[in-house]
Amino acid sequence: MGALGPLPMRGHAYFHVPSSPLNMRTSLTLLALTPFLALGQSLVSQAPQNRHALLEDFTGIHCGYCPEGHVIAHDLKAAHPNDVVVVGVHAGVFADPNPGEPDLRTVPGTTINDHFGVNSYPAGIVDRHSFQGGVVQGRGAWEGMVNEVLTFSSPVNLGLESSFDSGTRELTVTVELYYTANSPSTSDYISVLLMEDHIIGWQTDYTNGNQPNYDHTNVLRDYITPVWGDEVTTTTAGISVTRTYTYTVPTDWDISNCQVVGFVSEFKTEVYQVRQVPADGGTTLIVGELASTAGNAYQAGSNGTALSLGNNMTNALGADEDYLITLSSTDAPADWAAQFMIMGTAYSGPAVVTIPAGATEDITVSITPGATVGIANYTLSVSSTTNTNAPELVQEYHVISGVTDLVVNNPQADAHQPIYNGALASANQPGRASTDRNTFVGFGDAGALGGVYNVYANISWTFPSITDALVAVLEDHLDNGGNLFIAGQDIGWDQSNDPNAYGTPITQAFYTNYMHATYVADGSTANSSVNFEDTDLVFGGLPNSNINSVFGTNSYPEEIAPIAPAVATLRYNNPNKIGGLRVDNGTYKVVYFGVGPEQMSTASVGQDMVRLSHDWF
């Protein structure tokens with residue numbers, strides 16, 4: 001099967017390695033707040049919240065596809081920095097170390113791995129929830145799993161605080177729960193674990209080549225509680241539970257690289273809430289509430305017109321507090337302007353503002369695009385100057401202005417974006433810009449893509465190739481007269497009935513009804529070159545090209561068949577095998593290649609696949 005590839009087995013025996021000694025101590029308090037917090041302060045909000053996502057990434061140092069899983073997990077965390085927690089569980093035969101290699105296995109990790117029956121790697125579990133495809137799923141499903149659980153409400157909120165004594169190496173962790181609704185279960189379970197970043201050692205890597213000095217992150221080191229948690233028997237609305245755990249950290253673990261993760265769940269299943277803090281001095285202390293009051297987070301702008309976006313900030317610290325407020329962007333064009341106003345004063349740079357105890361102040365963000373076409377991402381952040389370890393409060397804004405031709409990169413496909421950018425530049429397209437898939441979907445859901453005429457979906461070799469959320473936006477775009485370029489190997493396979501594919505009825509229907517394609521075969525290295533149809537009015541003048549092994553041995557130039565009114569545009573060295581099509585149905589135009597422009601040995605051919613599509617659109 002083209003998408004996953006074989007997982008080579010290793011011959012030596014599998015064995016368990018003991019984790020650190022069980023030296024955890026517990027104390028608990030019901031109906032009380034954490035004792036060492038100041039009056040009016042809390043680690044946990046009492047407002048109902050949606051779940052955060054706990055992604056348990058089952059991995060191993062000899063799992064050659066696991067680095068791809070690590071990248072997917074990293075990108076999901078980056079896309080939802082405050083809502084996703086990733087724990088790398090090294091378990092199974094691919095975690096067995098050779099002499100001189102790091103042993104990252106743990107008894108708790110093996111227990112969890114075996115309980116859920118994980119037997120292929122990488123594999124992921126999100127909130128221990130049973131999705132349509134089951135509890136344990138491959139890396140291509142993680143994005144959809146995470147996005148789904150983030151929409152679930154949680155009956156309980158969770159807060160954490162940690163401290164570390166460098167002399168005794170004793171780690172103290174306080175967990176605070178507040179039930180905003182009755183839990184579905186009469187008993188819930190608090191779990192606390194310790195993980196470590198930046199452990200350097202071997203990693204087998206089928207895509208990038210084996211790496212002897214790989215940077216292992218999010219590595220599960222041990223559970224501080226019992227592996228299946230510490231029971232909570234009072235789980236009704238309005239109940240507050242505080243428990244404190246202590247643990248002696250082994251001397252060879254770098255506490256500055258360690259994180260504490262706490263979550264509350266049903267027994268061996270459904271995780272309701274999860275949080276993560278640094279092990280040395282981390283806290284989820286609630287310093288205030290920052291809420292949007294006006295304006296969607298995704299906005300369509302225009303040159304010289306200010307967008308006004310409302311927020312309010314409430315001081316929750318029980319005393320007057322100085323807050324550092326910042327509005328920043330790393331990608332805004334130089335001629336775009338942004339400022340925020342609070343208490344009648346406008347600021348274009350960071351400002352420290354005093355907000356009285358319990359008071360709420362309006363913060364109005366103003367963003368004015370300039371003449372430069374582009375997409376800019378802004379972050380409004382508010383932090384306590386007194387409680388510097390507490391989480392900052394964040395509101396993100398995304399603005400698109402003047403864009404007519406938009407490159408949309410799948411997760412892990414952005415390395416090939418320069419091909420698309422270069423093609424649009426060579427076409428002298430002034431309205432070009434690029435973004436990631438999640439941001440594109442956000443703009444689409446907000447109705448902010450009205451000025452975009454042409455979309456270039458850089459799928460490459462990524463999974464899932466297309467998602468239900470992406471399809472919803474693309475269908476609206478095409479139905480309203482937009483055009484689509486889409487390219488990458490295994491897009492068709494991903495919509496097939498192969499049990500390992502990630503297609504859904506929605507994405508499969510889009511492949512047939514909008515892309516006008518039928519999947520024929522996975523393809524192989526036997527498809528070693530491309531031959532554009534000489535009589536095609538768009539691509540007929542393109543020279544042929546060999547196909548590069550961009551993905552190592554994983555070369556699957558896809559074989560497809562066009563559905564009328566689509567016509568073939570590309571065949572492989574075997575002329576009976578079609579690898580590209582285009583369609584004009586009178587409402588929209590689509591160009592689809594089952595082999596990506598990044599796979600062309602002749603770089604100019606790959607770029608011209610995109611440029612000529614632009615010209616035809």
### Task
Could you label the plane-to-plane angle of the F532 and F593 rings as parallel, tilted or perpendicular, counting under 30° as parallel and over 60° as perpendicular?
perpendicular
### Task
Using only heavy-atom distances, determine whether the side chains of Q412 and S460 contain a donor-acceptor pair under 3.5 Å.
no
### Query
By side chain to side chain donor-acceptor pair (under 3.5 Å), which residues pair with Y378, not counting sequence neighbours?
none
### Aromatic plane relationship, F463 with W493 - under 30° parallel, 30 to 60° tilted, over 60° perpendicular
perpendicular
#### Entry: Any side-chain donor near an acceptor of the partner, Y456 and Q417, under 3.5 Å
no
### Query
Do T207 and E68 have side-chain N/O donor and acceptor atoms under 3.5 Å apart?
yes
### Task
Measure the acute angle between the ring planes of F152 and H129, then classify it against the limits of 30° and 60° as parallel, tilted or perpendicular.
perpendicular
### Message
Pairing donors with acceptors under 3.5 angstrom, does anything connect the side chains of Q273 and N157?
### Response
no
#### Entry: Pair listing, ring-ring contact (aromatic ring centres under 6.0 Å, His included) test, anchored in residues 595-617, at least two apart
none
#### Entry: Distance-minimising heavy-atom pair for G523 and N527
CA-ND2, 3.6 Å
### Query
Is the Y65 ring parallel, tilted or perpendicular to the Y206 ring (thresholds 30°, 60°)?
perpendicular
#### Entry: Side-chain donor-acceptor pair present, T504, D468, cut-off under 3.5 Å
yes
### Query
Are Y298 and F443 near enough that their ring centres are under 6.0 Å apart?
yes
#### Entry: Proximity of Y214 and H70 rings by center, below 6.0 Å
yes
### Query
Are S154 and Q49 close enough that a side-chain donor and a side-chain acceptor fall under 3.5 Å?
no
#### Entry: All salt bridge (Lys or Arg N to Asp or Glu O under 4.0 Å) counterparts of E266, not counting sequence neighbours
none
